[in-house]
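Everything numeric in this text was worked out from a predicted model, so none of it was measured.
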Amino acid sequence: PLVLYWNRDIFSSAGVAVPPKFWDELFELSQRITRKESDGDIVRSAIALGEFDNITHAKDIISAIIMQSGSPIVKEADIGAGYHAALSAQGGTDSTATESAVRFYTEFANPIKSTYTWNRALSPSIDAFIAGDVAMYVGYASELSELRKKNPNLNFDVASLPQVRDQDRERTFGKMKALVVAKASRFVADAFNAATKMTSKEVLDIWHGTSMLPPVRRDMLITPSNDAFRSIFFDGALIAHGWLDPDSKETDETFREMISSVTTGRSRISEAVSRANLSLAQLLAQYDVK
C-alpha cells in the first residue's frame with residue numbers, strides 16, 4: 001500500500017509534532033515547512049505534489065486521491081458487460097470527484113499559490129526525500145528498506161496516507177502481485193498446486209516475516225503487528241484499492257497529460273479530465289476489457 005513517509009527533523013524544526021491525517025492540512029503545513037530563496041527558488045519542500053515527471057508514483061498518488069474523493073476511475077457497467085471509464089461522467093459525481101482531486105493535486109505546483117512547494121526543476125521525489133530536502137514522501141511500504149539503506153542517518157517515520165476529509169470511506173492505493181496458470185501448460189494441476197501452496201497461510205507467514213510487507217490474506221491481517229511500521233502497513237493493506245488498468249504505459253501518458261495540461265495552463269481542469277476520460281475509455285475498448 002501507499003503510505004506517507006515523513007522527516008522527523010524537518011517537522012521538529014518547523015514546530016510540527018505529527019504528520020497530517022487529512023489532505024487539507026497540507027495547506028498550512030506547506031507554508032510552515034517550505035523554504036524558498038529570495039528569488040523564489042525552493043530549497044526545502046513540504047511535500048512532492050503537483051507535477052508528474054519528477055514525482056515518484058505520481059499516477060498512483062493521483063489515483064488514491066481520486067478514489068478517496070469518490071470516483072472508482074474504472075467502473076463495471078453490468079456483470080459480464082465490460083468496464084467503462086469513470087474519471088468523468090457527464091458532470092456527475094465521478095467528474096466532480098476527479099476535478100476536485102486534480103485541482104487539489106496541482107495547486108502545490110502553482111507558483112502564485114501560498115501552497116507552492118514543488119516544481120519540475122527539483123530532483124525526483126524519492127531522491128529529494130532521501131537527501132532530506134522534502135519533508136513528506138508518498139511511497140510504497142516496500143520502499144522502507146531502500147530508504148534506510150540509501151541514507152542510514154535519515155530520521156524518518158511512517159504514517160497512513162492522508163485522507164479526504166468528511167468522506168465515509170478510507171482509501172489508499174495498493175499493488176498486489178498474482179500467480180496465474182497458463183492454459184497451454186502441460187502441468188496445469190501441478191502448477192495450480194504450487195500456486196496454492198505459495199499463497200497458503202504458512203508460506204505467506206514466512207514471506208511476511210522476512211519482507212516487512214503486509215500479507216495479502218485478510219485472515220492474516222486480523223492479528224495486529226507489534227512493529228510500528230508494520231502496523232501502519234497492515235492498516236494500509238486493509239484499505240488498499242486499485243483500478244483496472246488496461247495498459248500501464250498508456251495510462252501513465254494519459255495521467256501525465258491530464259496533470260501537465262493543467263499546470264502549464266493549456267487546459268482548464270474540466271477539459272483535462274474530460275480528455276483523460278476519453279483516452280481511458282478508448283484504451284478499455286481497444287483491449288476489449290470484460
S.K.: Looking only at atom types and distance, does a side-chain atom of N151 sit under 3.5 Å from a main-chain N or O of I130, one as donor and one as acceptor?
M.R.: yes

S.K.: Indicate yes or no for a side-chain donor-acceptor contact from T106 to the backbone of G50 under 3.5 Å, with no hydrogens or angles considered.
M.R.: no

S.K.: With the 4.5 Å side-chain cut-off for hydrophobic clustering, are V16 and L26 part of the same group?
M.R.: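 As far as the 4.5 Å side-chain criterion goes, L26 and V16 are connected within one cluster.
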
S.K.: Any luck finding a side-chain donor-acceptor pair between S30 and T117 under 3.5 Å?
M.R.: no

S.K.: Grab the two heavy atoms, one from Y116 and one from T34, that are nearest each other, plus how far apart they are.
M.R.: O-CG2, 3.9 Å

S.K.: Charged N to carboxylate O below 4.0 Å: is that the case for R32 and E28?
M.R.: yes

S.K.: Are Y140 and H57 close enough that their ring centres sit under 6.0 Å apart?
M.R.: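 For Y140 and H57, the ring centres are under 6.0 Å apart.
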
S.K.: For residues F104 and F27, establish whether the separation of their ring centroids is below 6.0 Å.
M.R.: yes

S.K.: T251 and D245: side-chain donor and acceptor closer than 3.5 Å?
M.R.: yes

S.K.: How about H208 and F233: are their ring centroids closer than 6.0 Å?
M.R.: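 They do not qualify: ring centres at least 6.0 Å apart.
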
S.K.: Under a 4.5 Å cut-off applied to non-hydrogen side-chain atoms, are Y137 and W6 in contact?
M.R.: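 No, their side chains stay 4.5 Å or more apart.
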
S.K.: I would like to know whether S125 and T56 meet side-chain hydrogen bond (donor to acceptor under 3.5 Å, both in side chains); could you show each step before the answer?
M.R.: CA-CA 6 Å; S125 59; T56 313; 3.1 Å; yes

